[in-house]
Amino acid sequence: MDQLELPSDIVWSDRRFWFQDLEAQYSQSGSHSPSEQACALMIDLQAIFCAGAWAATIILSTSIIQAQMKEHGTYLTWIDPKELTWMNKLRNRLVHGDKRKPGLTIQDQWTRRDEWEKRARKAVEITFKALYEYEDDD
């Protein structure tokens, strides 16, 4: 795909620092540690996030949360159910598709990258909440 370009070093670093700062925030405030499987998948999540693969970030984030739930045999009661529903619906739209209304289009990849980045960032944040059983005190 000729239209794909690597992000600049500055963009990659900005994304990496954002990801690492978020992880530090949640891991210091959270009440438990992620499973081995979740930790291993987080390495790939950081790589695809830094690369700007927004749909893949959302799909993998959802998978990491599901792996964490399976590992701990629990529902994530500390996360707003609306956030998990939002992620699952978006993931399903991306993975299963709909010929009449695709979850992601080629046009989106050109003209709506900023919107997809916002969704990917939200998915990463929800993932950290899930992994570290983080409850916001607000």
Side-chain angles (χ1 to χ4, degrees):
M1 297 181 73
D2 294 333
Q3 74 268 26
L4 295 179
E5 298 287 332
L6 289 174
S8 70
D9 289 344
I10 292 170
V11 169
W12 183 281
S13 293
D14 286 346
R15 291 173 182 166
R16 182 172 57 91
F17 292 140
W18 178 85
F19 192 99
Q20 290 172 337
D21 289 347
L22 195 64
E23 181 175 26
Q25 171 192 336
Y26 282 98
S27 65
Q28 290 173 3
S29 301
S31 64
H32 68 65
S33 297
S35 68
E36 177 75 20
Q37 180 78 16
C39 286
L41 290 171
M42 289 300 288
I43 294 168
D44 278 357
L45 182 62
Q46 184 175 5
I48 62 174
F49 175 81
C50 291
W54 307 133
T57 297
I58 294 161
I59 293 165
L60 185 55
S61 289
T62 306
S63 297
I64 291 169
I65 291 172
Q66 290 170 349
Q68 184 75 356
M69 289 171 66
K70 186 175 183 177
E71 175 78 17
H72 291 282
T74 183
Y75 184 74
L76 307 175
T77 57
W78 56 93
I79 296 180
D80 182 348
K82 292 176 188 172
E83 290 181 320
L84 295 176
T85 299
W86 171 82
M87 276 185 71
N88 284 322
K89 283 183 178 181
L90 185 54
R91 177 226 172 253
N92 288 342
R93 280 184 35 221
L94 291 168
V95 171
H96 301 297
D98 181 340
K99 289 180 185 178
R100 296 168 299 196
K101 188 176 179 193
L104 179 69
T105 66
I106 295 169
Q107 187 70 20
D108 289 342
Q109 293 287 26
W110 288 102
T111 62
R112 297 178 63 208
R113 301 276 307 150
D114 56 336
E115 293 173 40
W116 282 98
E117 180 176 358
K118 288 176 188 173
R119 292 176 182 131
R121 285 179 184 267
K122 181 177 177 180
V124 169
E125 187 161 357
I126 294 168
T127 303
F128 280 124
K129 283 182 189 178
L131 295 182
Y132 293 105
E133 195 171 341
Y134 179 88
E135 292 193 54
D136 195 358
D137 293 331
D138 291 344

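Quick caveat, the model's predicted, so the values are computed rather than measured.
Remark: Asp9 CG is loosely packed, at most 12 non-hydrogen atoms of other residues, nucleotides or ligands lying under 6.0 Å away.
Once rounded to the nearest 0.5 Å, the distance linking CZ of Arg91 with CE of Met87 reads 10.0 Å. Atom OG1 of residue Thr62 and atom NZ of residue Lys89 lie 13.5 Å apart, to the nearest 0.5 angstrom. Here Leu90 contributes atom CG and Ile59 contributes atom CD1; the two are 8.5 Å apart, rounded to the nearest 0.5 Å. Taken to the nearest 0.5 Å, the NZ atom of Lys129 stands 9.5 Å off from the CG atom of Leu22. For the atom pair CZ (Phe128) and CG (Leu45), the distance works out to 7.0 Å, reported to the nearest 0.5 Å. Rounding to the nearest 0.5 Å gives a distance of 9.5 Å between CZ of Arg112 and CD of Gln107.
Looking at heavy atoms from C-beta onward, Gln20 lies in side-chain contact with Gln46 at the 4.5 angstrom threshold. Trp116 has its side chain within reach of Ile58: a pair of non-hydrogen atoms, C-beta onward, lies under 4.5 Å apart. The shortest distance between side-chain heavy atoms of Glu115 and Trp54 does not fall below 4.5 Å. Residues Arg16 and Ser13 have side chains in contact (heavy-atom distance under 4.5 Å, counting atoms from C-beta outward).
Closest approach of Ala38 and Ile64 over heavy atoms only: CB-CG2, 4.0 Å. Taking both residues in full, the closest heavy atoms of Ile126 and Ile65 are given as CG2-CD1, 3.9 Å, listed atom of the first, atom of the second, then distance. The two residues Ala67 and Gln37 make their nearest non-hydrogen contact at CB-CG, 4.2 Å.
Taking Trp18 as the reference, Phe49 meet the ring-ring contact (aromatic ring centres under 6.0 Å, His included) condition, with sequence neighbours excluded. Residues that satisfy the salt bridge (charged side-chain N to carboxylate O under 4.0 Å, His left out) test with Glu23, not counting sequence neighbours, are absent from this structure. Applying the salt bridge (charged side-chain N to carboxylate O under 4.0 Å, His left out) rule to Arg121 yields the partners Glu117; only residues at least two apart in sequence or on another chain are considered.
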Margin query: Before you tell me yes or no, could you show the steps for Phe19 and Val124 under side chain to side chain contact (heavy atoms under 4.5 Å, CB included), namely the whole-Å CA-CA distance, both residues' side-chain angles and the distance that decides it to 0.1 Å?
Written below: CA-CA 8 Å; Phe19 192 99; Val124 169; 3.7 Å; yes

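By the rule that hydrophobic residues join a cluster once side-chain heavy atoms approach within less than 4.5 Å of another member, Val95 and Leu41 end up as members of one cluster.
Using a 3.5 Å distance cut-off with no hydrogens or angles, the side chains of Gln28 and Tyr132 do not pair a donor with an acceptor.
A donor-acceptor pair under 3.5 Å links the side-chain atoms of Gln68 to the main chain of Ser35, judged by distance alone.
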